[in-house]
Protein chains: 2
Amino acid sequence: MVRKAAKAESKAASTRKPNMREAILAAAEELFSTYGFNAVSVRDIAQAAGANPGSVTYHFKTKDGLLLEIYRRHCGPMNRRRSELLAAARRVRDLQDRLEAIVRAYVLPAFTSGSDLAGGGTRFTRLRAIMSAEGNEVVRKIIAQTFDDTSHAFVDAIHESLPHIPRTDIVWRSHFLLGALYYTLVTPERVSRLSRGSADGTDAGHAIEELVRATVASLQAAPLDQAVTARRKTLVAAKGER
Amino acid sequence: MVRKAAKAESKAASTRKPNMREAILAAAEELFSTYGFNAVSVRDIAQAAGANPGSVTYHFKTKDGLLLEIYRRHCGPMNRRRSELLAAARRVRDLQDRLEAIVRAYVLPAFTSGSDLAGGGTRFTRLRAIMSAEGNEVVRKIIAQTFDDTSHAFVDAIHESLPHIPRTDIVWRSHFLLGALYYTLVTPERVSRLSRGSADGTDAGHAIEELVRATVASLQAAPLDQAVTARRKTLVAAKGER
DNA sequence: TGATCATTTGTACGATAGTACAAATATGGT
DNA sequence: ACCATATTTGTACTATCGTACAAATGATCA
């Protein structure tokens with residue numbers, strides 16, 4: 001039915017689909033990032049794109065190939081943007097300001113895509129969040145070979161701004177940052193619900209600010225080793241914890 | 001386990017041999033929490049449990065019903081444990097200690113299940129993480145009606161310990177906590193990888209400590225509204241020192 | 001225009017999905 | 001031991017999955 005309507009329209013106005021390949025990519029990105037990879041069928045994507053299932057096979061060979069292409073499309077611009085912002089952040093003199101700039105350089109490109117239109121970055125990061133949960137094998141390889149370099153660069157930069165914090169703790173806290181970022185994009189309505197309407201989880205700008213502030217504070221916290229010893233003094237009557 | 005209905009008619013299901021039912025539940029929990037709900041078939045579960053596909057239908061009617069039962073099995077004990085720990089935490093005098101105890105009361109039950117075997121809590125929380133990403137409708141209802149109460153209670157308790165922080169910020173930061181918790185359980189190997197082996201992402205005990213410390217620090221951070229003005233002061237002070 | 005190549009369509013195939021259901025079997029009360 | 005019922009098994013039905021492939025259609029250029 002959709003196909004028929006589209007066909008009729010194209011005949012009447014002679015407005016062909018400019019690029020079916022792009023339409024399929026856009027539809028797949030939207031559907032995958034909303035329902036997950038496994039829950040979306042090739043036919044769903046084709047229908048949403050106004051295309052034929054066979055076209056998907058033609059352009060991307062397999063469903064995994066389609067996912068791969070989506071990643072290829074976004075990873076480059078996003079990590080390039082991150083590198084730029086990170087380089088700029090490194091040049092900030094004030095240590096406190098520099099740390100915040102570094103965190104912002106990591107978070108910002110996840111919300112604003114450098115290549116696509118409105119919400120492109122958010123959509124792709126939501127997709128990454130879902131894929132990391134579903135544990136797709138194709139994605140795992142891309143992540144390891146594309147994002148780990150970036151992550152290492154950020155950990156190093158943060159470590160420079162916080163020399164007294166062990167690298168291990170910085171890794172943990174950066175990991176928490178990514179988890180918080182993912183979760184916010186996956187279930188933004190939860191924030192609205194829990195705050196009883198006083199906060200809007202879908203407000204990307206506000207989410208970034210909250211996330212940056214919380215992360216900077218967590219990064220500056222005393223590392224565990226010092227914490228435990230400092231804590232031991234007052235913590236005696238609680239539990240016989242090892 | 002042998003619950004007997006008091007002389008009721010045929011409908012009372014007295015489970016004489018809980019083995020198979022339990023085996024199916026355990027297998028489903030393990031598979032769902034590893035590969036996601038959509039990627040696992042009823043036949044996979046049956047085979048892993050050493051059962052017949054028909055048995056799954058008999059005991060749980062549908063695949064969704066099986067998922068529902070897994071949630072029912074864990075939600076009660078976990079939230080009860082949380083309430084206990086939260087009540088104890090509220091009685092802590094020192095505000096700093098109290099805040100940490102509250103956060104710990106939220107995190108701890110997610111790792112250690114009160115009802116099941118070793119790793120039961122971790123497994124179930126991993127399942128929750130995956131389900132929140134996949135966006136299953138059945139689960140969404142349970143979450144909203146079971147976990148939001150608990151979440152509200154924790155936000156309130158935290159707000160009592162940090163009266164000067166607006167509730168909205170506490171909601172955001174608690175949200176980040178849950179995201180970090182989920183992500184750590186879903187991809188623990190990433191921590192090991194990024195830390196180049198100096199940290200073990202699967203070490204639940206250590207993960208808890210890192211998470212609690214980071215979260216407490218983030219909760220204590222100046223709220224966003226005040227951030228700008230507070231920042232001005234330190235900037236001026238820093239200028240004066242140099 | 002007609003030939004050539006790229007793309008889209010339509011359809012089909014084998015595999016697997018969730019679930020239903022009758023037959024077979026195990027179990028507990030009397 | 002017998003019966004009633006709870007459970008397990010085996011199987012089949014329908015729907016949908018990813019993908020392949022030939023035919024139809026569109027576009028490009030000599």
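Chain naming here is simple, since letters A, B, ... match the order of the sequence lines and numbering starts at 1 in each.
Note: CG (B/Asn52) to C1' (C/dT19) measures 13 Å, nearest angstrom. When the C1' atom of D/dA6 is taken as reference, atom CD1 of B/Ile24 falls 14 Å away, rounded to whole Å. Rounded to a whole Å, the CG atom of B/Asp64 is 16 Å from the P atom of C/dA17. What separates CG of B/Leu31 from C1' of C/dG18 is a distance of 16 Å, to the nearest Å. Spacing between atom CG of B/Asn38 and atom P of D/dT16 amounts to 16 Å, rounded to whole angstrom units. One atom, CG of A/Leu67, and another, P of D/dT19, lie 12 Å apart when rounded to the nearest Å. The nearest whole Å value for the distance from the CD1 atom in A/Ile45 to the P atom in D/dT16 is 17 Å. Residue B/Asn19 contributes atom CG, which lies 16 Å from atom C1' of C/dT25 at whole-angstrom precision.
For the pair A/Lys63 and A/Phe37, the cation-pi criterion (under 6.0 Å, within 45° of the ring axis) is fulfilled. A cation-pi arrangement is present between A/Arg82 and A/Tyr106, with the terminal nitrogen or guanidinium carbon under 6.0 Å from the aromatic centre and inside a 45° cone about the axis.
Checking D/dT7, C/dA6, C/dT19 against the side-chain heavy atoms of B/His59 singles out D/dT7 as nearest. Among the nucleotides D/dG18, D/dT8, D/dA20, the one closest to any side-chain atom of A/Ser41 is D/dG18. Distances were taken from every side-chain heavy atom of A/Tyr58 (C-beta onward) to each of C/dA6, C/dT9, C/dT19; the shortest belongs to C/dA6. Proximity note for B/Arg43 (side chain, C-beta onward) versus D/dG18, D/dT9, C/dT19: the nearest is C/dT19. Between C/dT19, D/dC17, C/dT7, one nucleotide has an atom nearer to the side chain of A/Asp44 than all others, and that is D/dC17. Of the candidate nucleotides D/dG18, C/dT9, C/dG18, C/dG18 has the atom lying nearest to any side-chain atom of B/Lys63. Distances were taken from every side-chain heavy atom of A/Met20 (C-beta onward) to each of D/dA20, D/dT8, C/dT8; the shortest belongs to C/dT8.
No donor-acceptor contact under 3.5 angstrom links the side chains of A/Ser195 and B/Thr168, judged on distance only. Residues B/Thr202 and B/Asp200 have side chains that bring a donor and an acceptor to within less than 3.5 angstrom of each other.
Between A/Arg167 and A/Asp156, at least one side-chain nitrogen of the basic residue sits less than 4.0 Å from a carboxylate oxygen of the acidic one, meeting the salt-bridge criterion.
Comparing A/Thr57 and A/Ala39, the nucleotide of DNA chain D nearest to each residue sits closer to the 5' end for A/Ala39. The 5' end of DNA chain C is approached more closely, in terms of each residue's nearest nucleotide, by A/Pro53 than by the other of B/Phe37 and A/Pro53.
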